[in-house]
Structure formats: C-alpha cells, structure tokens
Amino acid sequence: MKELVNKLKGDRVIWSFVALLALFSFMPVFSASSNLAYIGHGTGNTLGYLVKHLAHVCIGFLIIYWVHKVPYHYFRAISKIALPVVWLLLLYTLLKGTVIAGANASRWIQVPFIGITFQTSTLAASVLFIYVARYLSKTKEENEPFQTSFIQLWIPVFITLALILPANFSTTALIFSMVMMLTFIGKYPLKYIAFIIGAGIAMLAFFLLVAKAFPESRFFSRVSTWESRIMNFTTDKPDEDDYQIEKAKIAIASGKLGGLGPGKSVQKNFLPQSSSDFIYAIVVEEYGLVGGVAILVLYLLLLFRFVVASHKANTLFGKLVVVGLGFPMIFQAMINMAVAVELLPVTGQTLPLISSGGSSIWMTCFSLGIIISVTKKEEEIAEEKEEKAKRKEALQRLIDKELAEEDLVSDEIYEEEPVYSIEDNSRNPMNAVLNK
C-alpha cells in the first residue's frame, strides 16, 4: 500500500479529498438504489448496484492514475484534434442517441460490443475547456483582433453548445457560464465578453422561437420541459418535478441534526432519481445536517486546493486548465445541492464523485487527472523523465541482445552449410555433376 501511495504524484491533498468523496459515496448509493432495485427486478436487492458503482469508481481512479502520468501540455494539441471528434459524437447522440433512466432526452450513446452507455456532453465539456485554455494561453501576448478570435475561439464554442442544447439546457448553460469565467480570468477583453454574452442570449431566444414555430419536432421536445420547470419553480403548480422537490425537502427535514442513520432513509423509496440527481437529499436524511455540511465543506476545500494549484502552476495554460476543469466540478456540486433544497429549478446535474453513474464519474476523474498532472513538482517530473529514460534504455538493451543472438545464429548456419562448386579439373567433365 505504501509503494502504491509513493507512486502517486502531484497534490496529495487533492488526492485525499477525491478519495474521501469516493469512499463516502458507497453508503448513499447502496441505500438510495433500493428504488431502482424494486423497479428493475422487484427484489429490492441493491448489492448489484453497489458492485456496479464500485467498478465505476475503480475505473475512475485508474483513469486519474493514467492521466496524471501524462504531461499536461500534451493536451494542448490533443484538444484541437479531439474537438471535431466530439462534434461528431454529439451529432450522433442528437440523431441516434439512447434514452435511459426515464429521461425524455437523447443524451447517451451505446458503446458497441461493451454494452455501456456514455454521456457525450461530459466529454465535450472537458475537451472544450482545454481548447479554450489553449487558445487563451496562445494569444496572451499576441492581442489578436476580435474577428480572428471569433473564428478560432467562439465558433467552436457555439458549435459545441448548439449540439448539446436541444437535449440538455442545464449542461449548456453551465458550460457557457464556465467558458465566460475562463475568458474573464484569461483577461480576454471585457467588451468582447459582453458582446458574446449578448450573442449567446440572442441565439437562445432564436432557438426558442424556432421551437415555438415547430413544436412537434423531436429536436425541440425538451423546450416544454424547460418551460414547465421554470414555471413550477416560480409558482405552486403541482407537477412531477414539484413532486420530486417535495420529497427531497421531506427527506432533508427528516434528517434534522444527526440523521436517521445509514441506510434508514424513507424518501429513497419515493424519489425517482434518489441515487443520482437527488442523492444529496438522501445524504442529509440519513446523516443529518452534519453530513450535509461535511459534504459541502469537502467540496469547498477541494475548490480551495484548485485555487492554490492554479496559483502555483508554472504556465498560463496550466493555470487556465486547473480553473477550466476544476471550477465547473464544484459549481455542478453546488447546483445539485441547490436543486435539492429548491434554490434552483430541477436541472438533472449529478453530484460529482458521489452520485451513481459511469460516464459522469469517469469524465470527472479524467479532469482530476489533468489537474493533478499540472500540480506535479519539478522533482517529480524529473523523476518520471528519469524512469522513462531507464525504460527506454532497458528496452534498447533487449533489442540489441535479440539482434546479437540473431546474428550469431546466422553466422553458425553459414559456417555449417557445405560449399558446392561446379569446377572440376578431372578428365571426365561429368564428374562434377555425378559427384554432387
């Protein structure tokens, strides 16, 4: 165990907070999955969901470990190449996507031969943030005109958002807000940021007008859901989302100070998304105000470490990558908690590292791996380079040894092979052929 810990590079505090959140997630997921177990196979046995969550978390930590070994500046070039691939995946999701968990939106794609579903918008968000950080760090000293930045920066941003918007408004709004924050921190001119915000609002208004003109189109099927959620948030009209919020508030009120105890939640049997979107309500019901505040504090401490990591980064790209990948994670957690206590309308955002799910956990871990890669110290980077050089040297020795052995075998075969000649000095000219 000690050897494994010694192999972990980067900010150990971030590693610790991530591990604490992941370990804490098992009890709420195990408890809150009973509703899915009854619906799925009628037994209420949640062991399968616990094992599935364990597999997701283990794969997630492997992703962190693999990614944090990669020098973070490699992702500068990767983001430029990956963005068109992401667009194709988003377009495929929009046209042929899979609907799961009772949602009426195509947000997932089925991975061939494996059978797992993957939410492409989570990958798109990470790639887009890295792309924006790359552009801002590249043009820091160049002061490019707005027309150039609009083509190179904002058109890719709007293409990505346009492919996510029809199926997921909350994710689109979160990504757009985080891009605006990232450009502000990257010292992009404020007048241009204001113009882009206005253009974004205008494009959203145009999208809603087109949706009103063609209400039967499958591309605009979510617009009515957005309207109803906003209306229900501002009024007391009963609705399915209002039902979820009421059950979440009952769960939070039942928790009081110390909670009902692990696994003793009652409202998990009535909340449709108790293990994902509303898992924070189950946490407060079972662990009380103490557990709810502890989770909030852990996320805030993680945010603080992201700020420290960004401040210590050696390059502007590293600083922006930490902000672009770390801050959205924390804001998503705050949105999930705010929805549970009805400070915001229902959005469908999960609680990072705690809610059940595959692609959401994996992409969160992917982002964490890049952030930890940025936090690696110079001596750790030098140590990794030395290990890499030793591996190359050992591999070269093996190759040289194999080549030497092959040459030796070839020489032996050549020496043993009999030499024939058609020359013959005898009187009979046929002796050479007959003797052979």
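Side-chain atoms are counted along with the backbone in the values below, which use heavy atoms only and exclude waters and symmetry mates.
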Worksheet item: Does the pair Phe24 and Val283 meet the rule for a side-chain contact (heavy atoms from CB on, under 4.5 Å), with working shown?
Response: CA-CA 10 Å; Phe24 180 81; Val283 169; 3.9 Å; yes
Should [X] and [Y] count as side-chain neighbours, where that means a heavy-atom distance under 4.5 Å?
| X | Y | answer |
| --- | --- | --- |
| Ile151 | Gln147 | no |
| Leu300 | Met334 | yes |
| Asp11 | Trp15 | no |
| Tyr49 | Ser275 | no |
| Ile295 | Tyr287 | no |
| Phe61 | Leu368 | no |
| Phe207 | Pro166 | yes |
| Phe278 | Val339 | yes |

Discussion item. If you apply the rule side-chain contact (heavy atoms from CB on, under 4.5 Å), what do you find for Leu165 with Leu204, and how did you get there?
Written reply: CA-CA 9 Å; Leu165 177 61; Leu204 177 61; 4.2 Å; yes
Is a donor on one side and an acceptor on the other found under 3.5 Å between the side chain of [X] and the backbone of [Y]?
| X | Y | answer |
| --- | --- | --- |
| Thr375 | Gly10 | no |
| Ser25 | Ala22 | yes |
| Ser177 | Ala173 | yes |
| Glu286 | Gly259 | no |
| Lys52 | Ser356 | no |
| Tyr299 | Pro352 | yes |
| Asn336 | Asp277 | yes |

Considering all heavy atoms of both residues, which atom of [X] and which atom of [Y] are nearest to each other, and what is their separation?
| X | Y | answer |
| --- | --- | --- |
| Ala313 | Lys319 | O-NZ, 3.2 Å |
| Ser373 | Val67 | CB-O, 4.3 Å |
| Leu153 | Pro156 | O-CD, 3.3 Å |
| Lys249 | Glu342 | NZ-OE1, 2.7 Å |
| Ile175 | Phe129 | O-CE2, 3.8 Å |
| Thr160 | Ala124 | CG2-CB, 4.1 Å |

Practice prompt. Sort out for me which residue in Glu285, Lys264, Lys268 forms a side-chain hydrogen bond (donor to acceptor under 3.5 Å, both in side chains) with Ser31.
Written response: Lys268
Between [atom1] of [X] and [atom2] of [Y], what distance do you get to the nearest 0.5 Å?
| X | Y | atom1 | atom2 | answer |
| --- | --- | --- | --- | --- |
| Ile63 | Ile370 | CD1 | CD1 | 11.0 Å |
| Phe366 | Ile371 | CZ | CD1 | 11.0 Å |
| Trp87 | Leu94 | CH2 | CG | 15.5 Å |
| Ser121 | Leu89 | OG | CG | 11.5 Å |
| Leu271 | Ser265 | CG | OG | 8.0 Å |
| Ile14 | Ile372 | CD1 | CD1 | 6.0 Å |

Worksheet item: Going through the checks in order, is the side-chain contact (heavy atoms from CB on, under 4.5 Å) test met by Met178 and Val323?
Response: CA-CA 9 Å; Met178 293 298 101; Val323 172; over 6 Å; no
Practice prompt. Give the intermediate values and the outcome of side-chain contact (heavy atoms from CB on, under 4.5 Å) for residues Phe158 and Phe176.
Written response: CA-CA 9 Å; Phe158 283 126; Phe176 183 71; 4.2 Å; yes
Fill in: All salt bridge (charged side-chain N to carboxylate O under 4.0 Å, His left out) counterparts of Lys312, not counting sequence neighbours
none
Discussion item. Please determine whether the number of non-hydrogen atoms from other residues, nucleotides or ligands lying under 6.0 Å from atom CZ of Phe26 exceeds 12.
Written reply: yes
Discussion item. Pairing donors with acceptors under 3.5 angstrom, does anything connect the side chains of Ser149 and Trp154?
Written reply: no
Worksheet item: Are Ser274 and Gln267 linked by a side-chain donor-acceptor pair shorter than 3.5 Å?
Response: no
Worksheet item: Do Tyr72 and Thr315 pass the side chain to side chain donor-acceptor pair (under 3.5 Å) test, and can you show the C-alpha distance, the side-chain angles, and the key distance before you say yes or no?
Response: CA-CA 11 Å; Tyr72 70 90; Thr315 63; 2.7 Å; yes
Item to complete: Could you tell me whether Arg76 sits above the aromatic face of Phe317, with NZ or CZ closer than 6.0 angstrom to the six-membered ring centre and within 45 degrees of the axis?
Response: yes
Worksheet item: Which of these passes side chain to side chain contact (heavy atoms under 4.5 Å, CB included) with Tyr188: Leu136, Leu182, Thr139, Val132?
Response: Leu136
Worksheet item: Relative to the ring of Trp362, is the ring of His56 parallel (under 30°), tilted (30 to 60°) or perpendicular (over 60°)?
Response: perpendicular
